[in-house]
Amino acid sequence: MELSGNIKKRLVAIVLSLSIIFSAFFAADITAYAREYKSKNNSFTVTTLDLKRPTLLKKGSGFKIKGKLKGNNKIMKLEFSIYDRNQFSDDISVERFPEKYSVNLKNYIKSNWFSSLPSGEKTLKITAYNKKGETVRINLNFTVLGKAKEPRHITNKCKVYANTKNAKNVLDKSDDSYWRSGKLTVELPDNKTADGVYIKWFYASNTYTLKSYDEEGKVLDEYDNKNTHVLLNNYYKLSKNAKKIVIRLKNKRKGQGIATLRVYEENKVGISVQKWKVSKRDECDLMVISAHRDDELLFFGGTIPYYTKVRKKNVCVVYMSGSGRERHREALDGLWSMGCTVAPIFMNFEAGYHNGISGTLNSWGGEQHVISRLVEQIRKYKPKVIVTHDINGEYGHPTHRTVPYVVINAVKAAGDKSKYKSSCNEYGICKVKKLYLHMYSKHTVNMSAYSKSAKELDYKTPFSMACVGFDKHYSQHNGWSMHSKAVKKYPSYKYGLYYTRVGYDKKKNDFFENIKNS
């Protein structure tokens with residue numbers, strides 16, 4: 001039947017509770033509005049009512065879809081499929097033939113259809129057909145936690161050879177083996193158009209050139225270590241006519257080289273393939289300064305996904321300590337999975353449990369050295385707002401205590417042209433507008449938005465997205481959890497305004513309150 005205008009208006013105003021079956025945590029407070037979906041020519045419409053579907057699942061969990069679909073024509077056929085956004089294929093696909101205007105989904109879906117899904121980024125696709133064969137597609141994205149398959153690639157369709165040994169290490173799935181130096185040639189398949197090359201470096205410091213050529217030998221693309229910001233994971237975009245890639249490595253030290261190399265096809269680059277952007281000078285809105293590579297999630301919760309995706313801010317993440325490859329790669333994977341595309345800053349100070357603040361600073365090269373390096377980053381990127389650790393170091397970890405001590409001093413020094421003149425001469429001063437400390441007891445702020453679903457996050461909450469990010473920190477799963485009592489003692493939504501140049505907050509629910517154009 002045709003829905004009246006008044007009924008449509010009521011439907012748009014309905015707030016639907018989207019809950020995941022099974023775990024208490026995964027039945028989070030997630031809401032979205034009713035929606036009308038249309039065919040390409042707009043003649044066939046389907047409206048969702050009381051739709052319940054997944055947003056986040058534990059590995060091995062199943063789910064049920066509940067709710068109703070109402071069409072302006074009879075819904076003759078329904079297709080249900082789970083699409084893997086990294087494999088570009090369906091995990092499962094089934095059909096049903098209701099031949100009704102109104103379809104109660106629970107009558108057409110068996111609960112075991114979607115049990116034990118493999119990990120990764122998924123899309124639940126519901127396709128409705130009318131009698132004329134017109135279709136309406138409903139796409140609902142969700143995540144299954146756990147280690148997912150490597151994104152689909154076409155490297156196995158390429159011819160890869162080198163003038164030195166161990167080039168096979170770039171083709172395996174291990175990040176612990178590598179090819180160090182020499183000339184590596186990749187001949188691209190004739191029947192495929194390559195989008196780009198994804199390189200996971202063994203360590204980020206490498207001397208290299210990467211060039212692509214067309215079939216006549218003309219150079220199309222050129223990259224090298226002097227003009228490319230090199231992380232452990234780098235994506236190199238290729239021109240459409242590229243037929244061959246030549247990589248020359250001139251590394252001399254052990255540990256330098258390519259761990260894995262993958263070629264991706266045009267229009268089939270998986271969502272987890274990382275294409276990092278380098279933060280430009282003077283363009284940082286929010287700088288999140290984390291002691292370790294996972295604290296930005298455990299203790300700052302939904303901060304990064306909320307301000308990156310929901311508020312559309314330029315967020316710069318700074319990791320103060322740690323230099324290991326595994327933790328470095330986990331940090332990149334975690335940030336990328338939350339939608340953060342700006343390359344983080346790794347300060348690489350020594351990790352460890354040192355003797356208090358003074359012991360930590362001594363191990364990092366001395367107080368003035370540490371502060372000067374952080375002042376340089378603040379002056380370079382000029383953040384409006386900085387967020388960092390509890391002044392007491394949450395549970396008292398010396399590195400956690402040291403970071404706010406350094407940040408407080410660096411914020412003051414960054415705005416003083418008489419301090420650390422080298423970075424002042426290069427970048428100028430930076431007068432940070434606001435500094436927030438986790439759990440600071442004065443001028444408190446409660447970030448309630450972290451527990452509210454957002455369409456920009458596929459109706460996950462910012463905190464749920466932080467859980468997706470922490471899921472990538474596999475090395476830390478034995479001792480830490482986003483839901484452990486040890487972490488919940490230090491709520492990731494509680495902060496205090498330690499320093500301000502724009503006045504104190506009144507609403508107390510936004511780091512950018514009182515900042516113009518926020």
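Residue numbers run from 1 in the order of the sequence given. In this text, all values refer to a predicted model and were calculated from it rather than measured experimentally.
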- Item | K240 bridged to D195 by N-O distance under 4.0 Å | no
- Message: Taking N141's backbone N and O only, do any of them form a donor-acceptor pair with R53's side chain (distance below 3.5 Å, no angle check)?
- Response: yes
- Message: Closer than 3.5 angstrom, by distance alone: can the side chain of S212 be matched with the main-chain N or O of A242 as a donor-acceptor pair?
- Response: no
- Message: Any salt bridge linking E283 with K382? Criterion: basic side-chain nitrogen under 4.0 Å from a carboxylate oxygen.
- Response: no
- Flag the pair Y236 / I199 as yes when at least one side-chain heavy-atom distance between them is below 4.5 Å, and no otherwise. yes
- Message: Please check this pair: side chain of D285 against backbone of N314, looking for a donor-acceptor N/O pair closer than 3.5 Å.
- Response: yes
- Task: Quick one: do D294 and R327 satisfy salt bridge (Lys or Arg N to Asp or Glu O under 4.0 Å)? Show the steps, please.
- Result: CA-CA 9 Å; D294 67 356; R327 298 293 299 278; 3.7 Å; yes
- Task: Kindly determine whether Y474 and W480 satisfy ring-ring contact (aromatic ring centres under 6.0 Å, His included), including the steps that lead there.
- Result: CA-CA 10 Å; Y474 302 117; W480 293 96; over 10 Å; no
- Query: Side-chain donor-acceptor pair under 3.5 Å between S448 and N446, yes or no?
  - Reply: no
- Which pair of heavy atoms, one from S272 and one from P151, lies closest together, and at what distance? OG-CG, 3.2 Å
- Query: Does a side-chain heavy-atom distance below 4.5 Å link K460 with S453?
  - Reply: no
- Query: How are the rings of W276 and W336 set to each other: parallel, tilted or perpendicular (split at 30° and 60°)?
  - Reply: perpendicular
- Item | Under-4.0 Å salt bridge between K434 and D505 | yes
- Message: The criterion is side chain to side chain donor-acceptor pair (under 3.5 Å); which residues satisfy it with T185, sequence neighbours excluded?
- Response: none
- Item | Pair F512-L286, side chain to side chain contact (heavy atoms under 4.5 Å, CB included): steps then yes or no | CA-CA 9 Å; F512 286 83; L286 174 65; 3.9 Å; yes
- Query: Is there a donor in the side chain of N241 and an acceptor in the side chain of Y213, or the other way round, less than 3.5 Å apart?
  - Reply: no
- K168, NZ: over 12 other non-hydrogen atoms inside 6.0 angstrom: no
- Heavy-atom check, side chain of L57 versus side chain of T143, under 4.5 Å: no
- Message: I'd like to know if K125 pairs up with D90 as an ion pair, taking the criterion as any Lys NZ or Arg NE/NH1/NH2 lying under 4.0 Å from an Asp or Glu carboxylate oxygen.
- Response: no
- Item | E215 atom CD, over 12 foreign heavy atoms within 6.0 Å | no
- Query: Between the side chain of S337 and the main-chain N/O of G334, is any donor-acceptor distance below 3.5 Å?
  - Reply: yes
- Query: Does a side-chain N-to-carboxylate-O contact under 4.0 Å join E79 and K77?
  - Reply: yes
- Query: Would you call F88 and Y83 a side-chain contact if the rule is heavy atoms closer than 4.5 Å?
  - Reply: yes
- List the steps and the verdict of ring-ring contact (aromatic ring centres under 6.0 Å, His included) for F463 and Y306. CA-CA 8 Å; F463 181 80; Y306 176 68; over 10 Å; no
- Message: Using a strict threshold of under 4.0 Å (side-chain N to carboxylate O), is an ion pair present between D214 and K244?
- Response: no
- List the steps and the verdict of side-chain hydrogen bond (donor to acceptor under 3.5 Å, both in side chains) for T127 and R137. CA-CA 5 Å; T127 307; R137 171 69 61 78; 2.6 Å; yes
- Item | Student check: side-chain heavy atoms of N139 and L124 closer than 4.5 Å | no
- Task: State whether the side chain of Y223 and the backbone N or O of K237 hold a donor-acceptor pair below 3.5 Å, judged by distance alone.
- Result: yes
- Task: Would you mind checking if D91 and K122 are paired as a salt bridge, meaning a charged N to carboxylate O distance below 4.0 Å?
- Result: yes
- Note on the structure: Scanning both residues in full, the closest heavy-atom pair of T55 with D458 reads CG2-O, 4.0 Å
- Item | Charged N-O contact under 4.0 Å between K472 and E330 | no
- Task: Could you tell me which non-hydrogen atom of K59 sits nearest to which non-hydrogen atom of L145, and how far apart they are?
- Result: CB-O, 3.2 Å
- Task: Given side chain to side chain contact (heavy atoms under 4.5 Å, CB included), test V317 with I345 step by step and report yes or no.
- Result: CA-CA 6 Å; V317 181; I345 300 160; over 6 Å; no
- Taking the inter-plane angle between the rings of Y495 and F300 on a 0 to 90° scale, is it parallel (under 30°), tilted (30 to 60°) or perpendicular (over 60°)? tilted
- After noting the C-alpha distance and the side-chain angles of S484 and S481, does the key distance pass the side-chain hydrogen bond (donor to acceptor under 3.5 Å, both in side chains) rule? CA-CA 5 Å; S484 68; S481 165; 5.0 Å; no
- Message: Looking at D84 and Q87, would you say the former's side chain and the latter's main chain have a donor-acceptor pair under 3.5 Å?
- Response: yes
- Exam field: side chain E513 to backbone K507, donor-acceptor pair closer than 3.5 Å: yes
- Message: Atom NZ of residue position K243 - does it have more than 12 heavy atoms of other residues, nucleotides or ligands inside 6.0 Å?
- Response: yes
- Please walk me through it: do H389 and S290 pass side chain to side chain contact (heavy atoms under 4.5 Å, CB included)? CA-CA 7 Å; H389 285 273; S290 179; 4.3 Å; yes
- Query: More than 12 heavy atoms of other residues, nucleotides or ligands under 6.0 Å from NZ of K159: is that the case?
  - Reply: no
- If you take all heavy atoms of S174 and T260, which pair is closest and at what distance? O-CG2, 3.4 Å
- Closest non-hydrogen contact found for H438 with K494 is CD2-O, 3.1 Å
- Message: Within the 4.5 Å heavy-atom criterion, are N234 and W201 side-chain neighbours or not?
- Response: yes
- Closest non-hydrogen contact found for I154 with P189 is CD1-CG, 4.3 Å
- Message: As a quick check of understanding, evaluate side-chain hydrogen bond (donor to acceptor under 3.5 Å, both in side chains) for N509 and Y493, giving each step before the final call.
- Response: CA-CA 9 Å; N509 60 3; Y493 55 84; over 6 Å; no
- Item | R325 side chain reached by R329 side chain, heavy atoms, under 4.5 Å | yes
- Message: side chain to side chain contact (heavy atoms under 4.5 Å, CB included), that's the test. Do D471 and H473 meet it? Break it down for me.
- Response: CA-CA 6 Å; D471 186 55; H473 290 257; over 6 Å; no
- Looking only at side chains, do D172 and S177 share a donor and an acceptor under 3.5 Å apart? yes
- Mark yes or no for whether N233, through its side chain, and K200, through its backbone, hold a donor-acceptor pair below 3.5 Å. no
- Item | Pair Y436 and F511, ring centroids less than 6.0 Å apart | yes
- Query: Should S239 and D221 be marked as a side-chain hydrogen bond (donor to acceptor under 3.5 Å, both in side chains) after you check the CA-CA gap, both sets of side-chain angles, and the distance that decides it?
  - Reply: CA-CA 7 Å; S239 299; D221 308 288; 2.9 Å; yes
- Task: Measure the shortest side-chain to side-chain distance between N130 and I75 over non-hydrogen atoms and say whether it is less than 4.5 angstrom.
- Result: no
- Message: Are F346 and H328, when compared by the centres of their aromatic rings, separated by less than 6.0 Å?
- Response: yes
- Message: Is it the case that the ring center of F470 lies less than 6.0 angstrom away from the ring center of H477?
- Response: yes
- Is the Y459 to F142 ring centre distance short of 6.0 Å? no
